[in-house]
Amino acid sequence: MKFTVEYPVSVPGYDPALVRPDGMRQVVRAAEEAGFAAVGFTEHPAPSKKWLDAGGHESLDPIAALSYCAAVSERIRLMTYLLVLPYHNPFLLAKSLATVDLLSAGRLTVVAGAGYLRSEFLAMGVDLAGRNARFDESIEVMRGVWTTVPFDHHGPIFEGRGVAALPAPDTPGGPPIWIGGNSATARRRAARHQGWSPFLTTAESARTARTSQITTIGQLAGHVAEVRELAGRAIEVQVRTPAHRYMIDGGSVEEHRDHLGRLAEAGVTSFVVQPPAASVAATVDALHDYARTFSLR
């Protein structure tokens with residue numbers, strides 16, 4: 001199994017040094033040295049204060065942050081975890097993502113979701129009710145831009161004529177796209193792309209994120225089998241569970257190892273972890289300790 005580090009800007013009360021150049025450089029290099037497969041940044045460009053006070057979290061611009069990470073690392077994959085496609089014009093987004101992929105020598109993975117935060121959709125000037133149509137057309141546009149020159153698109157939302165968005169990404173056809181979310185719609189989308197990124201939920205968290213509940217590993221296993229059957233091929237499956245806070249909350253090593261084993265048996269190929277954020281040194285030490293304990297190398 002591979003492991004993705006969710007950058008700890010999403011941890012309440014994080015050390016401000018973690019979002020400064022030297023702190024981020026230390027954390028990303030530590031993750032790379034320890035054997036983590038990817039580092040990920042989520043997207044919340046305009047969350048409401050109400051959401052933050054109710055348990056939301058701060059964030060950086062994921063594309064800008066990953067550009068910095070590309071410059072200070074050599075092997076670790078760079079992941080949008082996750083990017084809210086409906087917020088963006090897909091022609092502009094395709095250019096930004098292609099640039100990160102090019103400058104990182106093909107290390108970008110795009111995990112994309114449809115979004116859920118009503119106040120943020122309002123601030124971005126996007127209709128929440130139309131997010132699924134924008135999502136699907138956005139992927140169509142991005143893949144077209146990355147694979148065809150010149151590219152013409154005449155859709156219900158977006159239009160482009162003779163687009164030549166060069167230079168092309170380093171990855172032929174563009175970076176892999178994994179679909180975030182638990183719903184049947186997300187699973188069908190994932191089968192058409194390169195990966196699926198669900199999360200185990202409580203009923204409350206599922207309602208908050210406007211997605212379906214996946215509460216057990218057994219239920220997850222059934223959905224993984226469904227996605228792979230629809231795809232007719234192997235695809236990546238990355239999951240976040242409540243155990244993603246193991247480095248923060250602690251717990252039994254054997255229980256966590258068993259949890260990872262059961263996820264692997266369910267078909268999961270990548271597990272998301274969140275390190276502590278009290279200081280840069282604490283984050284770095286926790287990454288190395290986790291890697292040694294669970295044999296990431």
Side-chain angles (χ1 to χ4, degrees), residues 41-46 60-68 70 77-118 120-181 183 185-197 230-233 235-236:
F41 292 82
T42 192
E43 177 173 48
H44 278 293
L60 296 170
D61 179 274
I63 296 174
L66 291 174
S67 297
Y68 179 80
R77 290 200 66 82
L78 311 169
M79 183 177 290
T80 62
Y81 181 69
L82 51 72
L83 191 69
V84 184
L85 288 193
Y87 291 165
H88 301 272
N89 177 292
F91 289 98
L92 182 59
L93 183 59
K95 170 59 71 175
S96 297
L97 294 172
T99 301
V100 175
D101 190 68
L102 187 64
L103 294 179
S104 67
R107 289 187 283 140
L108 179 64
T109 298
V110 178
V111 183
Y116 67 90
L117 193 56
R118 187 179 300 276
E120 197 161 59
F121 273 87
L122 177 65
M124 301 305 292
V126 177
D127 178 22
L128 176 66
R131 69 190 187 280
N132 283 311
R134 290 180 67 94
F135 184 98
D136 291 330
E137 190 174 343
S138 291
I139 291 184
E140 181 183 350
V141 168
M142 291 193 301
R143 282 290 183 220
V145 167
W146 292 333
T147 58
T148 304
V149 177
F151 174 64
D152 292 312
H153 178 81
H154 306 283
I157 304 171
F158 304 105
E159 182 168 355
R161 301 178 185 178
V163 175
L166 298 171
D170 185 81
T171 305
I177 295 176
W178 299 1
I179 305 300
S183 68
T185 299
R187 297 195 296 274
R188 289 192 296 270
R189 284 174 175 147
R192 298 193 297 268
H193 298 285
Q194 290 75 48
W196 181 40
S197 187
L230 287 171
R233 55 187 164 78
I235 67 169
E236 297 287 339

Other residues, nucleotides, ligands: >12 heavy atoms within 6.0 Å of R233 CZ: yes
Heavy-atom check, side chain of V163 versus side chain of F91, under 4.5 Å: yes
Test item: P62 and Y81 side chains (from C-beta on) under 4.5 Å apart, heavy atoms: no
Which atom pair, heavy atoms only, marks the closest approach of [X] to [Y]?
X: G180; Y: L82; value: CA-CD2, 3.9 Å
X: A168; Y: L102; value: O-CD1, 3.7 Å
X: F121; Y: P86; value: CE2-CB, 4.0 Å
X: A114; Y: N132; value: CB-OD1, 4.0 Å

Cationic N near anionic O, under 4.0 Å, R107 to D101: no
Under-4.0 Å salt bridge between R118 and E120: no
K95 side chain to L166 backbone, donor-acceptor under 3.5 Å: yes
E43 (side chain) donor-acceptor with V84 (main chain) under 3.5 angstrom: yes
OG1 on T99 to CD1 on I63, rounded to 0.5 Å: 9.0 Å
